[in-house]
Amino acid sequence: MLKYLIVALALCAVAHADDWTPKTGEEIRKIRVECLKENPLSNDQISQLKNLIFPNEPDVRQYLTCSAIKLGIFCDQQGYHADRLAKQFKMDLSEEEALQIAQSCVDDNAQKSPTDVWAFRGHQCMMASKIGDKVRAFVKAKAEEAKKKAA
């Protein structure tokens with residue numbers, strides 16, 4: 001067990017030795033597909049996620065945790081990496097402002113919550129912030145753009 005912990009910590013440390021770059025839209029889509037295969041969701045849950053509604057349910061939490069880990073923005077030993085969150089989701093905010101928001105949402109899991117609960121807590125905080133507002137506006141604009149193309 002101690003060996004596993006040491007290896008996991010080492011992997012997180014290596015992953016955080018930052019040659020990390022924000023993921024493209026296509027990379028994010030592939031990650032979401034992979035995580036959906038690993039963490040199947042009901043049609044209702046998928047519909048809610050498409051509308052940026054994130055129910056606090058084990059399946060949804062595990063899917064979001066999978067996505068965050070594969071995006072490289074969360075590690076199950078250290079939690080969210082505020083610097084990476086800021087770079088990935090800054091939208092049209094300055095990186096400084098995005099970093100302040102991200103840092104306010106990162107916690108060290110002092111309450112020792114399960115990994116999926118810990119990741120979900122940070123996700124909910126980000127979605128309740130100005131970054132979440134920007135994400136919702138972006139998704140809404142993309143949906144409207146897709147409707148116009150379909151018409």
So how far is it from [X] [atom1] to [Y] [atom2], rounded to the nearest 0.5 Å?
X: S104; Y: M126; atom1: OG; atom2: CE; value: 8.0 Å
X: F120; Y: E57; atom1: CZ; atom2: CD; value: 8.5 Å
X: D116; Y: H123; atom1: CG; atom2: NE2; value: 13.0 Å
X: S94; Y: Q100; atom1: OG; atom2: CD; value: 7.5 Å
X: E95; Y: K87; atom1: CD; atom2: NZ; value: 5.5 Å
X: D108; Y: Q78; atom1: CG; atom2: CD; value: 11.5 Å

Is it possible for you to say whether [X] and [Y] belong to one hydrophobic cluster, with membership spreading through side-chain heavy-atom contacts below 4.5 Å?
X: I101; Y: V139; result: yes
X: L36; Y: L71; result: yes
X: L49; Y: I53; result: no
X: L41; Y: M127; result: yes
X: I69; Y: I28; result: yes

Side-chain touch [X]/[Y], heavy atoms, less than 4.5 angstrom:
X: E38; Y: Q62; value: no
X: W20; Y: D83; value: no
X: L64; Y: F54; value: yes
X: Y80; Y: W118; value: no
X: D76; Y: T65; value: no
X: N39; Y: D59; value: no
X: I131; Y: V135; value: yes

| message | Looking at every non-hydrogen atom in both residues, tell me the closest pair between A102 and A82 and how far apart they are. | response | CB-O, 3.5 Å
| query | Shortest non-hydrogen contact from K23 to Q88? | reply | N-OE1, 2.7 Å
| task | State, without any angle test, whether S113 and R121 hold a side-chain donor-acceptor pair at a distance under 3.5 Å. | result | yes
| request: Could you walk me through whether H81 and F74 pass the ring-ring contact (aromatic ring centres under 6.0 Å, His included) test, one step at a time? | output: CA-CA 6 Å; H81 303 294; F74 183 86; 8.0 Å; no
| request: Please determine if K130 and E97 form a salt bridge, counting it only when a charged side-chain N lies under 4.0 Å from a carboxylate O. | output: yes
| note | For residues 83-151, the disulfide (SG to SG under 2.5 Å) pairs (sequence neighbours left out) are C105-C125
| When you look at CD of Q111, are more than 12 heavy atoms from neighbouring residues, nucleotides or ligands closer to it than 6.0 Å? | yes
| task | Take atom CG of N43 as the centre, draw a 6.0 Å sphere, and report whether it contains more than 12 heavy atoms from other residues, nucleotides or ligands. | result | no
For residues 140-151, tabulate all N or O donor-acceptor pairs below 3.5 Å that involve a side-chain atom, not counting sequence neighbours.
none

| note | Sequence neighbours excluded, the answer for side-chain hydrogen bond (donor to acceptor under 3.5 Å, both in side chains) partners of T24 is E27
| query | Is a donor on one side and an acceptor on the other found under 3.5 Å between the side chain of Q48 and the backbone of P55? | reply | no
